[in-house]
Structures are given as structure tokens and as C-alpha cells.
Amino acid sequence: MLEQPGNASLTGGEAVVRALAAHGVTRAFGIPGTHNLEIYRHLAPYGIAHVTPRHEQGAGYAADAYARVTERPGVAITTTGPALLNITAAVGQAYSDSVPLLVVSPGMPLRHPRQPTGLLHEMRSQTEALRAVAAFSHRVSTVEEIGSAVARAFTLFRTRRPRPVHIEVPLDLLETAQPAGPVRLTPPLSAPVPAGPSLRDAARVLRSARRPAVVLGGGARSASAGCRALAEALAAPVVTTANGKGIVDETHPLSLGVSLHSPSVQKWLADCDAVLAVGTELAESDLWSAPPPLVGTLIRVDIDPAQMYAGLPADLALVGAARPTLEALREALEEATGESGAREGAAAVRALRAARDAETAERDARWVPYLRAARAVLDADAIWTSDSAQCCYYGALPHLPVGPRGRYLHPTGFGTLGYALPAAIGAKTAYPHRQVVALSGDGGLQFSVQELATAVQLRLPLPLVVFDNGGYGEIRDEMTARGDTPTGVDLPSVDLPALARAYGGHGTRADTPEALARALSLALTTPGPTVITVTEETLR
């Protein structure tokens, strides 16, 4: 990083890059445009590598995945107007999934009038548009303010529920040199921990419970060891949301995996006398239905105080970061007095797994053999990305075991399409030596299929497994269930392997699970993306 005195005059573009580098940013995703070139000029001198996707939405998804797997904020750079609007779907997804994503863009000049003047990429207000999907949108008014705006973003990422933010630098400030002031850094901060009385109350309830349950969401990601230790101490079955997948190894005797959608698991959860929910909204997108009424005591651990009143209100609220809160709760549990209830533990999990699988056997069976074959050829620390597709939320989420060494990235809540491929690129650029596999349907893939060109350019060994059902299969099924004639959901067949080859990548078809395993093994060592298509006819 270049060293600059605190009173140096810098352009707004250099001040942005200096601030990013000072906060440890080493990679950014984005597309150069007429209005943001002053930012791009300074990336390399400050040691920030850059990835150019083919669409700003792809930049957002790639930065989102980069943040999820590295646990460092992802950074995306856009230009003005349409470019910024292109990334808003990705910003909305990051907001829904609590991902620290920083979007930096130029904006109209400082003294731009409210009425239109015909400037290139002119909008009435970029900040108002981004405030609708981000935690905040900060339009700076001086070069010196840029450092404070970036520090504000990183402070939010480290001390509150991490969500995306937008910083806008007016065009005239980007190119103008002004005193930049000293580098602004986030001060050393301790993660919040609940007060002692709250921890003791929660420990007393959990110790006396005869049917305890643990529900883990994405907010528990940093506390994997603590989650497992607490579940084992309580002999409590563990169920996760999509974002919590793999926090406790899904082969663990107490793990129910991603099963909150199962009627049997929902009924069991409703009848538990104590439920410990960590870093989860317990929302419709986690349960695939309205939250069930609970007869027992609900203990919620969350860094966001407002979350204690959302969905299912907490009976006992533990406001704090997951890792230190669970460590403190474990200590309080060891100190708690009173008789511990007899618990079914692993026996209950075995029965619930059988009931869950029986409920979904007919619907999900088509994907399971292919997913097992894929899992068998991948390392334990492999990274999977997925899309809003039946093969993912009916297939991989409940039936593809993942442990703490691996990751499974899925767009929940906001539920965007087109996430899997650009997210895989973001994850692979973060960890080039780890295996990364994208799972998608043919409909969702075509939202971002142009990112094949990005993977080709980067020469990333990147398998993309596409379960092709000729369009939007989930919506087709929903229309049929309503008694409607499916309309607008059947898409003309696309030769996706040939399309991959046209981009300079590779493509093949897998007609059996064994063929998929062979194709995956080859794709994991072949530079460039490989599209592996499994067709609906094959799955029947």
C-alpha cells in the first residue's frame, strides 16, 4: 500500500482506494465505466486485484460469495445509473442473508440540480434507490469524508448484523484533489455478550429441559465448535437453516441437517420444551411455511436486538455475537444447579431422519443418486454454490451432507436467480486451491450464463452441474397444483454444453450418476468452466 501523509491532497478516486486498502481489502469485483475510471487507476498501486464479470449483478454475487467464504467484506465497484441498478438484486440478496458487501459507485456532481439535465447515466437519486435494499447509502460531500464513510461501513460489518452498504462519491470529487485527512480505521472492538443474569436464566431452562432443540442459522457460522459442544452437552438434536448448513457436521449423530421444511421436524420442534435458536430469523424462507407455534421456551441468540421480536418473539433474549455468547452460555450451563432431564438425543434424530426422508422420498429421489455420486468425488472442504432451483432446495440442501470444513452457499430469503455461477467464481478466486462446484437449474443459469466468459478468462477449474427440466420447474409445479395451465414456464431447449464451448469452456452431458462422477473428476482439474448437464428425461 502507498504511504500518504495525513494532510495529503488526493483525488476522491484515490481516497476511496486508500481507505479500502487500509481496511485490508485485496480484491474487488466490478466493471470499469466512463465515470469510475479514477477509482480503477489506483487499484493496482494499492495492491487490490480486480475481477471483471460480464454484468454488475454477477459482480455483486461474486463479491457476496467471496465475503461468505473468507468472512471478510466483499467489495464491488460500479459506475453510475444503470450499472448501479444492475447490482441491486445482489445487494438485496446480501441484505437478506446478512452478508457484508460494500458497493462503491460514482454519483451525480455535488451541485447537480434536482431537475434532469441530461447528464450521462443521470438518475434522480441513486442513494434513495440503494437505501431500499442496503443497510445504508452514504453520499459523501468532501474527499476527506470518504475515509469516514468507509470506516463507518467496516464498523457496521464488525459490530452489528453484517449487511450491504453503498458509498457514493460525486463525480466532481472523484477527479478533484482535496486534503484527504488521516486514514480512518475501525477501532478495536469487542463482540457484545449478554449480561450474566440472562445467561443464567437461559442455562437453567436448558439444563432442566427434557426435549431441548438447537436451531442454527447463518449468524452462528463463526461459532461452529461452540454450537457442537453445546448440543453435545445438552444431547439436543440440531437443525439448521440453509445459511446454517454444515455449521455442525451433517453426519453428526445429533444433526438433522437442513430439515426445517419437514412436517415431522416442525411438529417435533413445536413440542420441544426448550428451543435454542442461534443467528436465525426462523422465517418463512427457512421453514417453507409460517413459523410453528412453540409450546416450550424460546431462547434466541442474535447480534441484532430487533430480531428478538421478529417472527417468533423470544421468551429469553440473549443479544450478542454467537461465539462469545455460546461460550458464556456453556460456562453458565456448567455452573447451573438442578437435575438434568433424561433426553432422547441421537435416538430422536434417527427417528426424525427416517420420517423426514419418508415424507420427501417421492419428490426428492430423482436428485439423490446424482448428489451422492458428486459428493463421493469431492474433498471435505469443497465449496458448493447453488441457485433457486428444485435440484438445490429439494435436492442438495436436505440431501447433500456438508461439514464445517466445507461450505454451501445458497440465496435464501430474497431468493434471487442466477446466483450459482458468479458466486462460484467469487469463491474460487478467494480459494483457488479448494474445489468449488456450482449447482443450478437451466432457468436460473440463464440469468447469469454470460459469466462463463469470466471463468474462461480466469482459467478457473469450475464444474457447473445443471439439472435441466426445460424451464422453471418449480413454478410449473405450483401452477399445476393450483389447477392452472402452466403459462410462460417452459423454455426452448438450450444446448448448454455447446454454449459453454462457444464461450471457450467445456461441456458434456451426464446420463447416469456414475457419468456425473467421472465428468466432475475431470472438470475439477481442467482449466476453465465445464458445464455438465443432467436432463429431466434422465432423472425420471
For Y66 and T429: C-alpha separation, side-chain torsions, deciding distance, then whether side chain to side chain donor-acceptor pair (under 3.5 Å) applies. CA-CA 8 Å; Y66 180 91; T429 57; over 6 Å; no
Going through the distances and angles, do N36 and I77 end up as a side chain to side chain contact (heavy atoms under 4.5 Å, CB included)? CA-CA 8 Å; N36 64 13; I77 302 169; 4.0 Å; yes
Does A382 offer a backbone N or O that forms a donor-acceptor pair with the side chain of Y431 under 3.5 Å? no
Tell me, do V69 and R434 make a side-chain contact under 4.5 Å, heavy atoms counted? no
Side chain to side chain donor-acceptor pair (under 3.5 Å) between Q450 and Y503, worked out: CA-CA 8 Å; Q450 69 278 353; Y503 272 112; 5.7 Å; no
Would you indicate whether the side-chain heavy atoms of L171 and M108 approach each other to under 4.5 Å? yes
Test S137 against every option in R131, H166, E128 by the side-chain hydrogen bond (donor to acceptor under 3.5 Å, both in side chains) rule and name the one that passes. H166
Minimum side-chain heavy-atom gap S105-L84 below 4.5 Å: yes
Can you give me the closest heavy-atom contact between L156 and R161, atom names plus distance? CD2-O, 3.9 Å
Would you call L318 and V278 a side-chain contact if the rule is heavy atoms closer than 4.5 Å? no
Please tell me if the side chains of L409 and D64 come closer than 4.5 Å, counting only heavy atoms from C-beta onward. no
Looking only at the side chains, is there a donor atom on one of H506 and T508 sitting less than 3.5 Å from an acceptor on the other? no
Which pair of non-hydrogen atoms, one from P194 and one from G320, has the smallest distance, and what is that distance? CD-CA, 4.3 Å
Is there a side-chain contact between L216 and T280 (heavy atoms, below 4.5 Å)? no
So does R54 have more than 12 non-hydrogen atoms from other groups sitting under 6.0 Å from CZ? yes
Verify whether one side chain among T533 and D468 offers a donor that lies under 3.5 Å from an acceptor in the other. no
Take E56 and T78 through the test side chain to side chain donor-acceptor pair (under 3.5 Å) and record every step on the way to the result. CA-CA 7 Å; E56 286 86 5; T78 79; over 6 Å; no
Residues R139, Q126; criterion side chain to side chain contact (heavy atoms under 4.5 Å, CB included); working and verdict: CA-CA 9 Å; R139 176 177 164 91; Q126 293 187 160; over 6 Å; no
What's the spacing between Y419 OH and T412 OG1 if we round to 0.5 Å? 9.5 Å
Please name the residue in the list T530, I532, L445 that meets the side chain to side chain contact (heavy atoms under 4.5 Å, CB included) test with L464. L445
Please find the pair of heavy atoms, one from T454 and one from P53, that lie closest to each other, and give the distance. OG1-CA, 3.4 Å
Just by distance, with hydrogens left out, do R323 and S222 show a side-chain donor and acceptor under 3.5 Å apart? no
Determine, stepwise, if the pair V531 / L499 fulfils side chain to side chain contact (heavy atoms under 4.5 Å, CB included). CA-CA 9 Å; V531 171; L499 182 61; over 6 Å; no
Rounded to the nearest 0.5 Å, what's the gap from CG on L496 to CZ on R501? Could you check? 10.5 Å
For V51 and L458, which heavy atoms make the closest approach, and how far apart are they? CG1-CD1, 3.9 Å
Any C392 side-chain heavy atom under 4.5 Å of Y408 side chain: yes
Is it true that, when you exclude E478 itself, more than 12 heavy atoms of the residues, nucleotides or ligands shown sit nearer than 6.0 Å to its CD? yes
List the steps, then state whether side chain to side chain contact (heavy atoms under 4.5 Å, CB included) holds for L282 with V215. CA-CA 9 Å; L282 291 175; V215 182; 3.8 Å; yes
Between T11 and E14, is a side chain to side chain donor-acceptor pair (under 3.5 Å) present by the stated rule, with each step listed? CA-CA 5 Å; T11 65; E14 184 172 1; 4.8 Å; no
Nearest heavy atoms of V99 and R68, plus distance in Å: CG2-NE, 3.6 Å
Taking E451 for its side chain and H55 for its backbone only, find out whether a donor-acceptor pair lies under 3.5 Å. yes
Once you round to the nearest 0.5 Å, how far does CG of L417 lie from CD of Q446? 11.0 Å
So, Y61 and T416: side-chain donor and acceptor under 3.5 Å apart, yes or no? yes
Can any side-chain N or O of R476 pair as donor or acceptor with the backbone N or O of N469 at less than 3.5 Å? yes
Should L37 and L174 count as side-chain neighbours, where that means a heavy-atom distance under 4.5 Å? no
